[in-house]
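Scroll down for the structure; my scribbles are underneath it.
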Amino acid sequence: MYLYNSATHKKEEFQTHTPGRVEMYTCGPTVYHFAHIGNLRSYIMEDVLEKYLRFAGYDVNRVMNITDVGHLSSDADTGEDKMLKGAKRENKTVMDIAKFYTDAFFDDCRKLNIKTPDVVQPATGCIDEYIQIISKLVDTGYAYLAGGNVYFDSSKLERYYIFNDHDEDDLAVGVREGVEEDSNKRNKNDFVLWFTKSKFEDQALKWDSPWGVGYPGWHIECSGISMKYNGEYLDLHCGGVDNAFPHHTNEIAQSESYLGHPWCRHWFHVHHLNDQAGKMSKSKGEFLTVSLLEEKGYDPLAYRWFCLQSHYRKTLVFSWENLDNASAAYTKLLNRIAALKPEGDVDQAVFDEYRAKFLQQVGNDLNTSMAATAVFDALKAKTSDATKLAIIGEFDKVLSLSLLEKAAAIREKAAQAVQTSGGDYVITGEGDPEIDAKVLARYEAKKAKNFAEADRIREELKAQGVEVADVKGGASWKRI
Ligand code: AMP
Ligand code: ZN
């Protein structure tokens with residue numbers, strides 16, 4: 001596979017420390033609120049990447065943290081802990097908030113066919129690991145104590161800005177408004193590894209440590225959790241593009257200083273989903289969720305399809321119109337698959353040919369729109385329906401759009417189609433009396449030679465998403 005690596009700024013052949021095995025790490029959600037569909041864009045693309053790697057034959061060990069402590073309101077070290085903010089907002093404990101929004105996150109993932117990583121680790125469960133790393137960093141002079149906190153000393157590194165060689169201003173994306181300077185820091189880029197004193201007094205969760213009772217900084221959790229479950233050599237680290245700085249930059253600084261060797265080979269950053277007003281963000285309080293999409297009648301998988309249409313390294317703009325278009329295309333695709341007959345033999349040679357092409361095309365920097373096109377190509381292939389269905393089922397191991405399951409459900413519904421009789425005129429449809437009545441009205445208009453009225457009714461039905469076909473002795477309709 002060829003994948004763009006944010007650390008080297010180029011597309012590279014994907015290689016792993018141990019051949020055939022991928023140690024993969026994903027920055028998980030900060031569970032103080034629902035995930036918005038922007039966050040979920042990142043998780044969808046990371047899910048496709050993981051599934052593609054498995055499809056390509058790798059054995060993948062995927063690890064994800066759940067941030068339930070230490071992520072302050074600014075990605076730099078100022079402001080209140082986001083978890084505490086969530087707890088105050090809802091008048092609950094931090095642990096209640098963490099549990100509620102962790103469950104909500106995995107519910108959303110399930111609806112979007114996002115697989116749960118092999119290891120999911122809440123940050124509060126690995127305090128000993130962080131203390132061990134920080135202790136070594138203090139002992140080796142990479143970290144210092146100031147004003148009760150432990151800071152990483154960025155001046156000890158030859159190269160701090162991993163993701164950008166020339167312009168540190170470009171990296172300021174993660175640093176949000178209202179950042180106050182911390183006078184304890186020796187250098188601008190130093191960051192907190194362990195807090196015993198923060199700008200706010202009432203941090204809910206605290207642990208004993210060699211530096212006093214306190215809590216870990218946000219960045220150390222990902223290094224600690226990854227080293228615990230992925231080992232000392234990480235192959236692939238994922239997150240949204242806002243994580244690149246300062247979060248991932250700081251993860252690299254502390255991990256490599258601790259390990260004494262390069263840590264992660266490959267960095268995968270998903271660009272943002274913006275709404276028309278700009279970047280979607282949880283802290284703004286108003287954002288789109290999967291539940292909201294469902295309330296408005298969208299299938300969450302239509303959103304997954306929408307995400308797959310665009311490349312992960314491009315900003316994606318959300319609008320209802322764009323989602324409507326994606327949703328209509330997804331429904332149309334399902335209907336076309338449903339029209340295939342699940343009978344006959346699979347032509348293995350054709351299947352292998354399509355699989356190999358898919359592997360190669362999608363393997364070009366995770367070209368997911370090409371993957372979607374591949375499904376349409378399979379539908380047009382000069383081969384048996386059984387072969388087409390087998391190919392589409394194979395592709396769906398990566399796409400996870402429930403293509404075969406949903407097509408089978410449509411087929412079943414059509415088989416149970418209800419027949420209504422308007423005298424000698426038999427209407428076969430999906431059992432909706434209102435539609436049946438319109439179809440019959442169209443027939444009567446035709447019988448009365450009122451073709452304009454018959455056409456008008458046909459158009460009206462079309463606008464409702466219903467297609468009518470004239471068949472011997474009546475009509476048959478279906479939703480498209
Ligand atoms: P958080 O819960 O804020 O820690 O973010 C969870 C994940 O979503 C991280 O990988 C972020 O980089 C990513 N993310 C945040 N905002 C967006 C967005 N608007 N579009 C895509 N990904 C995002
Ligand atoms: Zn992280």
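In listed order, ligands and their atoms are each counted from 1. Predicted model, so just to flag it, every value in this text is computed and none were measured.
The S42 neighbourhood of ligand 1 comprises atoms 13 (C), 21 (C), 22 (N), 23 (C), with distances under 4.0 Å to a heavy atom of that residue. In the vicinity of G239, heavy-atom distances shorter than 4.0 Å reach the ligand 1 atoms 10 (O). Listed by number with element, the atoms of ligand 1 under 4.0 angstrom from any heavy atom of N243 are 9 (C), 10 (O), 11 (C), 12 (O).
Angle SG(C27) to the Zn ion (ligand 2) to SG(C222), rounded to 10°: 130°.
A distance of 9.0 Å separates NE2 of H33 from CD1 of I97, quoted to the nearest 0.5 Å.
A cation-pi arrangement is present between K136 and Y258, with the terminal nitrogen or guanidinium carbon under 6.0 Å from the aromatic centre and inside a 45° cone about the axis. Both the sub-6.0 Å distance and the 45° axial angle are satisfied by K296 relative to the ring of W320. A cation-pi contact links R355 to F55, judged by a cut-off of 6.0 Å to the six-membered ring centre and 45° from its axis.
Ligand 1 lies less than 4.0 angstrom from a heavy atom belonging to L273. Distances shorter than 4.0 angstrom do not occur between any heavy atom of T67 and any atom of ligand 1. Within the structure, the closest approach of H36 to ligand 1 falls below 4.0 Å when heavy atoms are considered.
Of all the listed residues (G28, G240, P29), G240 holds the heavy atom that lies closest to atom 10 (O) of ligand 1.
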Between F152 and I220, does a side-chain contact (heavy atoms from CB on, under 4.5 Å) hold up when you go through it step by step? CA-CA 10 Å; F152 185 88; I220 195 71; over 6 Å; no
Where do I391 and F351 land on the side-chain contact (heavy atoms from CB on, under 4.5 Å) test, with the steps shown first? CA-CA 6 Å; I391 294 170; F351 176 90; 3.9 Å; yes
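Annotation: R41 places no N or O atom under 3.5 Å from an N or O atom of ligand 1; distance criterion only. Checking only distances, D242 does come within under 3.5 Å of ligand 1, N or O to N or O. When only interatomic distances are considered, the shortest N/O to N/O separation between V270 and ligand 1 does not fall below 3.5 Å. Ligand 1 has a nitrogen or oxygen under 3.5 angstrom from a nitrogen or oxygen of N39.
With hydrogens and angles left out, the side-chain atoms of D182 and Y151 include a donor and acceptor closer than 3.5 Å.
Ionic pairing of D107 and K111 is not present here: no N-O contact between side-chain nitrogen and carboxylate oxygen is shorter than 4.0 angstrom.
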